[in-house]
Amino acid sequence: MPGAADGPDESPQALIERLDLRPSALPASEMKGWEPPTKVVARLLSPEQAAQLAEVAPGVELVVVTSEAEALAAMPGADALLGFCSDELLAAADSLHWIQVYSAGVERCVALEAMQNGGFLLTNAQHIGSPALAETSIALMMALVRGLDLYYRNQLKEEWVRDIGSPAGTFMELGGRTMLVVGLGGIGTEVARRAHGLGMRVIATRGSRREGPDYVDYVGLPHELHDLAPQADVVVNAVPLTDETRGIFDKAFFDLMKPTAFFISVGRGASTVTDDLVAALENGDIAGAGLDVTDPEPLPAGHPLWTTPRVIITPHTAARGDRGQERLFAMVRENLRRYVAGEPMLSVVDVARGY
Ligand SMILES: NC(=O)c1ccc[n+]([C@@H]2O[C@H](COP(=O)([O-])OP(=O)(O)OC[C@H]3O[C@@H](n4cnc5c(N)ncnc54)[C@H](OP(=O)(O)O)[C@@H]3O)[C@@H](O)[C@H]2O)c1
């Protein structure tokens with residue numbers, strides 16, 4: 001296998017192992033509603049991808065689209081839809097069984113009435129953006145603990161100011177400090193791996209089981225969130241947005257965090273009660289926040305988060321990386337191969353659970 005460990009030239013099996021992509025327990029051919037597909041509608045990211053998809057779907061009509069309007073026109077007779085999920089598309093479908101979305105977050109797709117009732121097979125892009133998201137999470141944490149946000153503000157004013165005081169949490173050395181990862185899935189695990197590499201102790205919660213890698217000291221369940229919060233020097237939100245996680249980072253949670261602790265959020269904005277976060281920052285209940293996701297999005301001009309001290313914001317771009325699109329396409333192509341062959345599918349979403 002050519003290429004670096006994280007490079008684009010890897011085999012599907014290497015990608016599955018490295019990103020810990022989960023195959024379904026049942027093969028596609030044993031799933032209710034599966035039949036050998038005859039027509040697949042696919043949103044492609046580049047023209048060369050059409051031929052690469054066709055290779056793994058011999059005899060299947062592959063309709064390549066670049067917009068939702070084109071997909072809508074192609075829906076009649078389609079067995080699979082890759083790259084879109086909307087009410088209009090599901091309403092226009094007459095033989096659709098499999099939907100592959102290109103994002104990890106599926107809160108809008110699973111909320112559609114047709115999806116709730118439809119018996120569709122839904123797969124997503126869980127774990128695919130994890131390396132980039134983990135690097136952004138660590139970058140936000142590092143910037144805050146080293147006070148880079150404060151120095152950068154001074155740089156913009158061309159001011160050489162060595163004494164910035166001792167803002168809470170700043171210059172905290174990370175060795176032996178505790179990170180709480182909320183949502184130890186694809187992203188959470190990659191964040192945990194890097195934090196452990198920096199000498200941090202990592203604790204976590206996940207939704208349905210206590211499994212975790214060796215480098216995570218403790219894996220709790222959702223009801224333990226408040227017990228774990230006081231231990232954390234850094235909290236990372238990597239949890240999907242579901243009925244259970246909406247608003248879990250609220251006043252009660254921030255009150256339990258140390259005043260020297262930082263909050264990093266890369267999951268979804270609506271897991272956080274924004275007004276409570278702003279209040280916690282203003283009152284000094286927490287030391288600062290690194291936010292890739294906010295509620296609302298886009299964050300409007302004039303919103304207090306823009307100007308609250310010790311806040312670094314990236315505009316929902318943490319997943320961007322120079323290898324992400326290739327990983328996404330490799331996974332989608334492998335899933336199409338598996339679907340056509342009737343094999344177990346990767347990254348199946350539990351529609352009722354919401355992720
Ligand atoms: N900022 C961005 O650009 C960006 C990009 C990609 C994804 N995201 C967001 O990040 C989320 C996670 O992505 P992923 O690839 O890591 O997905 P994932 O692999 O499905 O991981 C989700 C994890 O969250 C856990 N979880 C679910 N409910 C929980 C709860 N109530 N409390 C604690 N943990 C809970 C799950 O636990 P179990 O496995 O035990 O059920 C699972 O470990 C996505 O859903 C998406 O919203 C953001």
Side-chain angles (χ1 to χ4, degrees), residues 15-16 18-24 85 101-111 122-140 180-193 202-213 216 218-229 232 235-250 253 264-272 290-295 297-299 312-321 324-325 327-328 331 346-355:
L15 187 76
I16 290 165
R18 191 168 51 73
L19 291 179
D20 194 22
L21 302 182
R22 284 189 298 262
S24 56
C85 177
V101 296
Y102 292 172
S103 62
V106 289
E107 63 276 8
R108 276 197 293 258
C109 182
V110 296
L122 176 64
T123 54
N124 71 354
Q126 59 186 261
H127 299 211
I128 294 294
S130 303
L133 278 145
E135 288 177 20
T136 301
S137 303
I138 297 292
L140 290 169
L180 167 60
V181 174
V182 183
L184 189 67
I187 297 168
T189 304
E190 291 298 314
V191 176
R193 187 201 308 280
V202 184
I203 56 176
T205 60
R206 57 183 298 174
S208 53
R209 52 194 187 277
R210 291 179 182 278
E211 273 165 41
V216 177
Y218 180 79
V219 183
L221 292 172
H223 71 271
E224 293 169 80
L225 184 63
H226 283 192
D227 299 332
L228 299 175
V235 173
V236 178
N237 162 28
V239 86
L241 182 62
T242 66
D243 291 345
E244 239 191 88
T245 63
R246 188 175 295 277
I248 54 174
F249 303 108
D250 59 0
F253 180 83
I264 308 296
S265 190
V266 297
R268 281 289 183 265
S271 305
T272 301
L291 309 172
D292 184 57
V293 290
T294 59
D295 180 25
E297 278 185 23
L299 194 65
I312 303 178
I313 296 170
T314 52
H316 205 140
T317 48
R320 289 194 183 175
Q325 294 296 316
R327 276 199 300 269
L328 173 65
M331 186 275 291
L346 301 173
S347 308
V348 173
V349 173
D350 180 333
V351 172
R353 208 170 50 167
Y355 64 96

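Computed from heavy atoms alone, side chains included, the values below leave out hydrogens, waters and symmetry copies. When a residue number appears, it is its place in the shown sequence, counting from 1. Please read these numbers as outputs of a predicted model, since none were measured by experiment. We count ligands from 1, going down the list as the structure has it; atoms in each ligand are counted the same way.
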Begin with the C-alpha distance, continue with both residues' side-chain angles, and end with the deciding distance and a verdict on salt bridge (Lys or Arg N to Asp or Glu O under 4.0 Å) for R246 and E107.
-> CA-CA 11 Å; R246 188 175 295 277; E107 63 276 8; over 6 Å; no

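- Going from atom CG of L328 over to atom CG of L15 covers 10.0 Å, rounded to the nearest 0.5 Å.
- Shown here for L21 and S347, the closest heavy-atom pair between the two residues is CD2-OG, 4.2 Å.
- The backbone N or O of V101 sits nowhere less than 3.5 Å from a side-chain atom of N124 that would complete a donor-acceptor pair.
- Ordered by chain and residue number, the residues placing a heavy atom less than 4.0 Å from ligand 1 are A104, G105, Q126, H127, L133, G183, L184, G185, G186, I187, T205, R206, G207, S208, R209, P222, A238, V239, P240, E244, T245, V266, G267, R268, D292, V293, H316, A319, R353, Y355.
- Of the possible polar contacts, none joining the N237 side chain to the V266 backbone as a donor-acceptor pair under 3.5 Å is found.
- V106 pairs in a side chain to side chain contact (heavy atoms under 4.5 Å, CB included) with only one of the listed residues (L241, T123, V349, T242), which is V349.
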